[in-house]
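Below: one structure, written as structure tokens.
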2 protein chains.
Amino acid sequence: MADQLSQVFAALADPTRRDIVARLAVADATVGELAAPYDVTVQAVSKHLKVLEGSGLVSRSRDAQRRPCHLEAEVFDLMTKWIERYRQEAEERFRRLDALLAGIEAQDMTTEPQRGEAS
Amino acid sequence: MADQLSQVFAALADPTRRDIVARLAVADATVGELAAPYDVTVQAVSKHLKVLEGSGLVSRSRDAQRRPCHLEAEVFDLMTKWIERYRQEAEERFRRLDALLAGIEAQDMTTEPQRGEAS
DNA sequence: TCTCTTGTCAACCGTTCGGTTGCAAACAAC
DNA sequence: GTTGTTTGCAACCGAACGGTTGACAAGAGA
């Protein structure tokens with residue numbers, strides 16, 4: 001089985017599953033309730049829920065023959081942590097590049113005439 | 001073609017592609033450089049890069065026959081915005097539920113003896 | 001020129017994915 | 001009991017995915 005990060009990203013790569021997550025953020029719901037708005041079979045939605053459950057984004061309890069679905073929002077942290085790490089790394093690098101360019105520009109101004117101007 | 005959000009999530013659902021993004025956060029690189037650490041063909045990595053490019057996460061320039069890859073970190077915002085929205089919604093709902101339960105508990109304490117204690 | 005490097009494109013292969021249908025289990029309600 | 005509702009499971013189908021091989025284009029350099 002794939003690592004959880006891969007599973008969470010894969011789970012959210014499908015618009016129907018993102019919509020399910022969006023609705024579960026508002027309130028818990030059963031499979032049938034979740035399936036109602038879409039024009040696919042309940043079984044298809046059940047499969048989507050299994051994917052979401054496998055990723056840890058959704059948990060399910062038991063109420064007679066009903067299986068209420070609940071959003072587990074903590075899993076979001078997994079993604080945001082990964083994203084933030086590399087966003088910061090990229091931004092840090094961008095800042096360094098910026099400083100480097102500023103340095104070169106400053107050096108150019110002292111050692112040679114600017115390009116594109118009267119030469 | 002799928003919406004960009006789906007494409008970005010799908011792109012990051014693959015460990016190899018996440019690793020490529022991680023390395024591009026440190027420095028731009030060519031296809032060959034990116035492919036070197038993995039034991040897959042250069043063609044496979046080229047395909048991964050096409051997926052990343054399609055999602056907007058990576059852009060490519062031209063240097064003779066080389067194609068340097070550059071990380072476009074702004075696309076991360078798309079994801080974090082989506083995630084934050086529903087995380088907040090879920091947390092808000094959790095707070096309301098918490099308040100509701102606290103209210104019920106307070107009411108119980110004034111109207112009937114606590115369960116599990118001396119009856 | 002001829003050669004080597006870098007990268008893409010096209011075709012193919014096996015697996016996974018999102019959907020379907022059909023069937024059965026579990027349970028409520030009559 | 002029987003009936004109806006909710007859900008899960010297995011099999012199947014077509015499309016997409018991740019990988020391969022092979023051929024080819026574009027440049028650098030002898």
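Residue numbering restarts at 1 for every chain, and letters A, B, ... go by the order of the sequence lines. Every value quoted in this text rests on a predicted model; they were computed, and no experiment measured them.
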Problem - Residue pairs passing the side chain to side chain donor-acceptor pair (under 3.5 Å) test where at least one lies in residues 47-56 of chain B, sequence neighbours excluded - result: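 Pairs touching residues 47-56 of chain B that pass the test: R17(B)-H48(B).
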
Handout entry: All pairs passing side chain to side chain donor-acceptor pair (under 3.5 Å) where residues 22-41 of chain B contributes a residue, at least two apart
Key = R93(A)-D28(B), D19(B)-Y38(B), R23(B)-Y38(B), D28(B)-H70(B)

Practice task
Could you tell me which residues satisfy side chain to side chain contact (heavy atoms under 4.5 Å, CB included) with R85(B), sequence neighbours excluded, listed by chain and number?
Solution key: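 R85(B) satisfies side chain to side chain contact (heavy atoms under 4.5 Å, CB included) with E89(B) once adjacent residues are dropped.
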
Exercise for the section: Could you list the residues that satisfy side chain to side chain contact (heavy atoms under 4.5 Å, CB included) with E84(A), not counting sequence neighbours? Expected result: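 Expected list: R87(A), Q88(A), T80(B).
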
Among residues at least two apart in sequence or on other chains, which ones pass salt bridge (charged side-chain N to carboxylate O under 4.0 Å, His left out) with [X]?
{"X": "E74(A)", "value": "none"}
{"X": "R62(A)", "value": "none"}
{"X": "R18(A)", "value": "D3(B)"}

Practice task
Taking only heavy atoms on the protein side, list every residue of residues 13-36 of chain B lying under 4.0 Å from any atom of DNA chain C, sorted numerically.
Solution key: T30(B), V31(B), G32(B)

Problem - Pairs satisfying ring pair (Phe, Tyr, Trp, His ring centres under 6.0 Å), at least one member in residues 82-103 of chain A, at least two apart - result: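 For residues 82-103 of chain A, and leaving out neighbouring residues, the ring pair (Phe, Tyr, Trp, His ring centres under 6.0 Å) pairs sorted by first residue read W82(A)-Y86(A).
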
Practice task
Provide the start and end nucleotides, 5' to 3', of the part of DNA chain C that has atoms under 4.0 Å from heavy atoms of chain B.
Solution key: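 For DNA chain C, the relevant span reads dT5(C) to dA11(C).
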
Practice task
Mind checking the OG-CG spacing from S46(A) to L34(A)? Nearest 0.5 Å is all I need.
Solution key: 10.5 Å

Problem - Contact state string [nucleotides 20-30 of chain D, B base, S sugar-phosphate only, - no protein heavy atom under 4.0 Å] - result: BBB---BBS--

Handout entry: side chain to side chain donor-acceptor pair (under 3.5 Å) involving E91(B) - partner list, sequence neighbours excluded
Key =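 If we apply the side chain to side chain donor-acceptor pair (under 3.5 Å) test to E91(B), skipping adjacent residues, there are no hits.
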
